[in-house]
Number of protein chains: 2
Amino acid sequence: MNAAEIREFRDACSAAGIAVTHQRQVVWQALRSMHGHPSPEEIYERVRPRIPAISLATVYKNIHLFIESGMFREVSLHHGSMRVETNPEPHHHLVCRVCKSIRDIDAETLGVAGKPRRLPDGFLAERYAIDILGLCAKCQKSM
Amino acid sequence: MNAAEIREFRDACSAAGIAVTHQRQVVWQALRSMHGHPSPEEIYERVRPRIPAISLATVYKNIHLFIESGMFREVSLHHGSMRVETNPEPHHHLVCRVCKSIRDIDAETLGVAGKPRRLPDGFLAERYAIDILGLCAKCQKSM
DNA sequence: CTATTAAACGATAATAATTATCGTTTGTCA
DNA sequence: TGACAAACGATAATTATTATCGTTTAATAG
């Protein structure tokens with residue numbers, strides 16, 4: 001890791017109000033060097049060669065801190081447990097990042113239908129699922 | 001449940017090639033009567049007053065069958081485990097419904113940016129997360 | 001209408017992912 | 001440099017889900 005990256009990491013930690021530790025830095029760097037959408041286990045395996053004694057729990061704790069402080073994002077805000085869609089109408093979701101509530105918004109109201117011009121790698125699109133991430137009215141008030 | 005609903009359920013079962021059982025019918029009806037995005041536990045609690053001896057495993061099995069056969073949908077196709085986004089560029093996802101792979105597609109290429117005109121209930125939108133659901137090239141070939 | 005058979009069921013064990021606990025170690029800041 | 005909160009590692013606990021297996025039931029051929 002070069003000096004600029006170290007500085008960036010330290011700045012991000014102080015902005016987030018968290019300590020600069022060796023483990024945290026190595027997890028952060030691992031994420032920086034990875035592509036795609038790694039799971040905590042995969043990140044753990046990536047970090048272990050550098051810190052063989054690190055605990056998986058530490059990896060989880062740091063990932064959560066990174067996400068809370070906006071240094072990284074989660075792929076899905078609602079991956080905790082299976083949910084079944086009961087609304088048969090075409091619609092999308094308003095997802096509150098604080099209380100995790102999900103409200104339906106019908107596709108018409110949203111007005112962002114437009115089909116993509118073309119999809120790379122021969123991907124065959126069947127439908128869109130749009131999550132609008134933000135704050136619900138209640139969580140805006142309590143801030 | 002009225003006659004038309006029963007007929008619809010039986011037709012859906014025969015189209016899916018699954019048996020019409022009492023438990024299955026009650027789970028289906030429960031889903032029909034619920035709003036929002038219930039979890040398997042919530043569906044189970046809804047069904048229990050009608051079939052006190054039903055097993056949670058039966059509820060899970062039937063939900064899966066309903067989803068496989070297209071009678072209902074899941075809210076999120078990738079809720080299995082946490083994934084961290086490593087791509088810092090604005091982008092969306094091509095999600096294959098068969099192999100569950102996730103490919104990034106940058107927002108520009110997709111070309112469906114358009115902000116919504118207005119959001120109901122005072123929801124404050126911060127960003128969009130768009131999943132394009134369909135079949136990747138590999139899974140198209142193997143069908 | 002009944003016998004056959006595969007599918008479905010209920011109970012529950014097993015697994016996977018994640019979180020909590022707790023004693024020890026380490027940054028941070030006065 | 002010392003005090004103290006934060007972070008760490010080990011691991012127990014929890015939660016969500018899936019697998020197993022013996023029993024029951026629906027589908028259907030006769």
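All values below come from the heavy atoms of this structure, side chains included, with hydrogens, waters and symmetry mates left out. Letters A, B, ... are given to chains in the order of the sequence lines, protein chains preceding strands, and every chain is numbered from 1. Being a predicted model, the structure only gives us computed values, none of them experimental.
Atom CG of Leu56(A) is separated from atom P of dA10(D) by 11 Å (rounded to the nearest Å). Atom P of nucleotide dA7(D) and atom CD1 of Ile54(A) are separated by 14 Å, given to the nearest angstrom. Separating the CZ atom of Arg83(A) from the P atom of dT17(D) is a distance of 9 Å, rounded to the nearest angstrom. Atom CD in Glu41(B) sits about 13 Å away from atom P in dT18(D), given to the nearest Å. Straight-line distance from the CD atom of Glu68(B) to the C1' atom of dT18(D): 13 Å, rounded to whole Å.
You'll find the side chain of Leu65(B) reaches within 4.5 Å of the side chain of Arg24(B), heavy atoms only. Residues Cys136(B) and Asp121(A) have side chains not in contact (no heavy-atom distance under 4.5 Å, counting atoms from C-beta outward). Ile6(A) is listed as a side-chain neighbour of Gln25(A), based on a closest heavy-atom distance under 4.5 Å. You'll find the side chain of Ile43(A) reaches within 4.5 Å of the side chain of Val27(A), heavy atoms only.
Side-chain polar atoms of Thr86(A) and Arg32(B) form no donor-acceptor pair below 3.5 angstrom. Using modelled atom types, one finds a donor on one side chain and an acceptor on the other under 3.5 Å when comparing Glu85(B) with His91(B).
Near DNA chain C, defined here as any heavy-atom distance below 4.0 Å, the residues from residues 58-67 of chain A are Tyr60(A), His64(A), listed numerically.
Between Arg83(A) and Glu74(B) there is no salt bridge, since none of the side-chain N atoms of the basic residue sits less than 4.0 Å from a carboxylate O of the acidic one.
Contacts of Ala57(A) with the nucleic acid, taken as non-hydrogen atoms under 4.0 Å apart, include base atoms.
Closest contact between the side chain of Ser55(A) and the listed nucleotides dG9(D), dA20(C), dT18(C) involves dG9(D).
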Kindly give the atom pairs (protein nitrogen or oxygen, nucleotide nitrogen or oxygen) under 3.5 Å for nucleotides 22-30 of chain D.
residue: dA27(D); atom: OP1; partner: Val20(B); partner atom: N; Å: 3.1

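For the pair Arg10(B) (side chain) and Val20(B) (backbone), a donor-acceptor distance under 3.5 Å is absent.
Heavy-atom distances to DNA chain C give each of Arg24(B) and Ser81(B) a nearest nucleotide, and the one nearer the 5′ end belongs to Arg24(B).
Between His37(A) and His93(B), the angle of the ring planes goes over 60°, which puts this pair in the perpendicular group of the 30/60° scheme.
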